[in-house]
Amino acid sequence: MTARQAAAAVKAELKRRGLGYTKVTGMTVDFTDLARASLVSVTVYGWKPDPVAHEIVDFGRKNKFSVDFVVLQGAIAQEESC
């Protein structure tokens with residue numbers, strides 16, 4: 001699976017679950033020095049912390065790519081002040 005396909009798959013999964021995000025990017029990380037392997041990595045930006053994050057990570061693992069989250073800082077500040 002290419003980085004673009006992986007990002008599109010994560011976007012579709014987030015939409016299916018009704019989870020918000022700002023941006024989703026995908027890239028291929030090359031480990032040429034380590035047995036010439038590579039890994040597709042997807043980053044979800046603007047993520048509001050949600051307990052289903054582990055399910056999205058598992059979705060990526062099943063499809064052989066990694067998923068990381070960049071937390072939406074404003075949402076945390078608002079939640080902590082409530």
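Values below: all heavy atoms of this structure, side chains included; hydrogens, waters and symmetry mates excluded.
Of the inter-residue distances, the one linking Leu14 atom CG with Tyr21 atom OH reads 6.5 Å to the nearest 0.5 angstrom. In this structure, OG on Ser38 lies 11.5 Å from CE on Met27, to the nearest 0.5 angstrom. Atoms CD and CZ, from Glu13 and Arg17 in turn, are 4.5 Å apart once rounded to the nearest 0.5 Å. Residue Lys11 holds its NZ atom at 15.0 Å from CG of Leu19, rounded to the nearest 0.5 Å. Rounded to the nearest 0.5 angstrom, Glu55 CD and Asp50 CG are separated by 9.0 Å. Separation of atoms CZ (Arg4) and OG1 (Thr28) is listed at 11.0 Å; rounding is to 0.5 Å.
Counting all heavy atoms, side chain and backbone alike, Asp30 lies closest to Ala37 at OD1-O, 3.4 Å. Nearest heavy atoms, Thr25 versus Tyr45: OG1-CE1, 3.4 Å. Considering every non-hydrogen atom in both Val42 and Ala7, the closest pair reads CG2-N, 3.8 Å.
Counting heavy atoms from C-beta outward, Val44 and Val10 have side chains that approach closer than 4.5 Å. Residues Leu39 and Ser66 are in side-chain contact: their nearest non-hydrogen atoms beyond the backbone lie under 4.5 Å apart. By the 4.5 Å heavy-atom criterion applied to side chains, Asp68 and Ser41 are counted as neighbours.
Take Ala53 and apply the side-chain contact (heavy atoms from CB on, under 4.5 Å) test, not counting sequence neighbours, and it matches Trp47, Phe69.
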